[in-house]
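Remember, predicted model here, so these are calculated numbers, not experimental data.
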Amino acid sequence: MKSLLNPPHVGSAVSIAILAAASLLLPTPAPAFPPAPHHLIYGTVRDEYGTPLMTSQAQIILETPTGVKLATSVVPGIGYDMNYELEVPMDAGLTPDTYEPDALMAAAPFKMYVVIGVITNLPIQMTGNYSQLGQPGQQTRIDLTLGVDSNGDGIPDAWELAFLASIGSNLNLASLTAGLRLTSDGRTLQQQFLAGNYPFDPDEPFILTVVAPNNGSPLLQFTAMTGRYYTLLGSPDLKSWTPLNFSMPAEGPGGPAHGYYFAPGIQTLQIQTIQPSTGPTMKFFKMLLQ
């Protein structure tokens, strides 16, 4: 399995496709030689509390209506903002020779699910950009969210119940929507879910703070959540924002520069900003959480 070093899209996709509503693959006896380049599907699988899966025992299965199955395992930190990738053999359809028995073609329904141990988990949500599905040599991001979603707002019931309890709310699940704002920080339920705020006081949400100015390259601090990716952005004027490298004092003097950080667990993290070698000085900073 090849590693995806430069995915074409980062961050959670906006469009939503429910399980088995997507189209990509269909097993076919049609000619399959010479082979077309594989299609790569990749993304993040999250559990019912919004935490990206961290166990390599979890398998992601893609299955067609006729029962052809392709499988891959979760690999925490495999690449930026992702924990799995699945190569799909494609059928070139040029000669009567069969290339592979599971070579697949475009334009038929498929489903994806996650097997952990002996338990099969059907995603409550499959999100992604499906514009290139089924095209040989292309890549498609599909993020999967596990759990039960009885109110259909795209957020697992388990997380919503835990969040309601943490803020002392008596609302029931039927009253909730993804865009509902219940805390003083103004974040929606969807934003709170992606940030993973419920283990802490919801009135003290994710905050990036300046610990020391350090002559224009400040030392910053924030609480990192398990399985998330963090990218530092800087701006000279609060209008244009640019990704910035940073070092980590915990790694000692002369430590490497990082373009992003993958959090293996919940921890308070300090990072030292690195100003760009050319261009304006960055005076404002924010953190992109994915």
Any side-chain heavy atom of [X] within less than 4.5 Å of one from [Y]?
{"X": "Met282", "Y": "Gln275", "result": "yes"}
{"X": "Ile207", "Y": "Gln221", "result": "no"}
{"X": "Val114", "Y": "Ile61", "result": "no"}
{"X": "Val210", "Y": "Leu219", "result": "no"}
{"X": "Asn151", "Y": "Glu160", "result": "yes"}
{"X": "Gln192", "Y": "Arg181", "result": "no"}
{"X": "Leu40", "Y": "Leu86", "result": "no"}
{"X": "Met248", "Y": "Leu269", "result": "yes"}

Task: Between Gln139 and Tyr42, a side-chain donor and acceptor under 3.5 Å - done: no
Open item on the list: Ignoring hydrogens and geometry beyond distance, is a side-chain donor-acceptor pair present between Gln138 and His38 at under 3.5 Å?
Closed with: no
Looking at residues at least two apart in the chain, or sitting in another chain, which of them share a side chain to side chain donor-acceptor pair (under 3.5 Å) with [X]?
{"X": "Thr44", "result": "Arg141"}
{"X": "Asn170", "result": "none"}
{"X": "Ser235", "result": "Asp237"}
{"X": "Asn172", "result": "Ser175"}

[X] and [Y]: which non-hydrogen atoms are nearest, and at how many Å?
{"X": "Gln191", "Y": "Gly186", "answer": "OE1-O, 4.4 Å"}
{"X": "Met54", "Y": "Ala263", "answer": "CE-O, 4.5 Å"}
{"X": "Met112", "Y": "Pro123", "answer": "O-CD, 3.2 Å"}

Open item on the list: Does Thr140 form a side-chain contact (heavy atoms from CB on, under 4.5 Å) with His39? I'd like the steps, not just the answer.
Closed with: CA-CA 8 Å; Thr140 297; His39 187 102; 2.8 Å; yes
Any chance you could measure [X], atom [atom1], to [Y], atom [atom2], to the nearest 0.5 Å?
{"X": "Thr226", "Y": "Asp47", "atom1": "OG1", "atom2": "CG", "result": "10.0 Å"}
{"X": "Leu144", "Y": "Ile124", "atom1": "CG", "atom2": "CD1", "result": "10.5 Å"}
{"X": "Thr209", "Y": "Gln270", "atom1": "OG1", "atom2": "CD", "result": "8.0 Å"}
{"X": "Tyr84", "Y": "Ile41", "atom1": "OH", "atom2": "CD1", "result": "6.0 Å"}
{"X": "Asp143", "Y": "Arg46", "atom1": "CG", "atom2": "CZ", "result": "7.0 Å"}
{"X": "Leu146", "Y": "Thr120", "atom1": "CG", "atom2": "OG1", "result": "11.0 Å"}

Using the side-chain contact (heavy atoms from CB on, under 4.5 Å) criterion, which residues pair with [X]? Sequence neighbours excluded.
{"X": "Ser56", "result": "none"}
{"X": "Thr278", "result": "none"}
{"X": "Gln190", "result": "Ile155, Ala178, Thr188, Leu194"}

Give a yes or no on whether the backbone of [Y] and the side-chain of [X] come within a donor-acceptor separation of less than 3.5 Å.
{"X": "Asp149", "Y": "Asp153", "result": "yes"}
{"X": "Gln272", "Y": "Pro249", "result": "no"}
{"X": "Asn83", "Y": "Leu53", "result": "yes"}
{"X": "Thr72", "Y": "Glu85", "result": "yes"}

Task: Result of checking Leu233, Ile271, Thr231 against Met287 for side-chain contact (heavy atoms from CB on, under 4.5 Å) - done: Ile271
TODO: Spell out, yes or no, whether Leu232 and Val211 are grouped together once hydrophobic residues are joined by side-chain heavy atoms under 4.5 Å, including indirect joins.
DONE: no
Task: Cluster link Ile274 to Phe284, ILVMFWY, side chain under 4.5 Å - done: no
TODO: Mind running ring-ring contact (aromatic ring centres under 6.0 Å, His included) on Tyr49 and Trp159 for me, showing each step along the way?
DONE: CA-CA 5 Å; Tyr49 293 104; Trp159 182 90; 9.0 Å; no
TODO: Give the other cluster members for Val148, using side-chain heavy-atom distances under 4.5 Å between Ile, Leu, Val, Met, Phe, Trp and Tyr residues; answer none if it is isolated.
DONE: none
Open item on the list: Checking one residue: Val118. Which other hydrophobic residues are in its cluster under the side-chain 4.5 Å linking rule?
Closed with: Ile119
TODO: Decide side-chain contact (heavy atoms from CB on, under 4.5 Å) for Glu48 and Thr145; before the verdict, give the C-alpha distance in whole Å, the side-chain angles of both, and the deciding distance to 0.1 Å.
DONE: CA-CA 7 Å; Glu48 66 272 27; Thr145 301; over 6 Å; no
Task: All ring-ring contact (aromatic ring centres under 6.0 Å, His included) counterparts of Phe285, not counting sequence neighbours - done: none
- [ ] Identify, with sequence neighbours excluded, every residue that meets ring-ring contact (aromatic ring centres under 6.0 Å, His included) alongside Phe262.
- [x] Tyr229
Open item on the list: What verdict does the side-chain contact (heavy atoms from CB on, under 4.5 Å) test give for Thr183 and Ile167, after you've listed the backbone C-alpha separation in whole Å, the side-chain angles of each residue and the deciding distance to 0.1 Å?
Closed with: CA-CA 8 Å; Thr183 54; Ile167 63 175; 4.0 Å; yes
Open item on the list: Under the side chain to side chain donor-acceptor pair (under 3.5 Å) definition, can you give me all pairs with a residue in residues 239-248, not counting sequence neighbours?
Closed with: none
TODO: Give me the one residue out of Tyr230, Tyr261, Phe246 that meets ring pair (Phe, Tyr, Trp, His ring centres under 6.0 Å) with Phe222.
DONE: Tyr230
Task: Derivation and outcome, side-chain contact (heavy atoms from CB on, under 4.5 Å), residues Thr273 and Leu220 - done: CA-CA 7 Å; Thr273 59; Leu220 307 177; 3.6 Å; yes
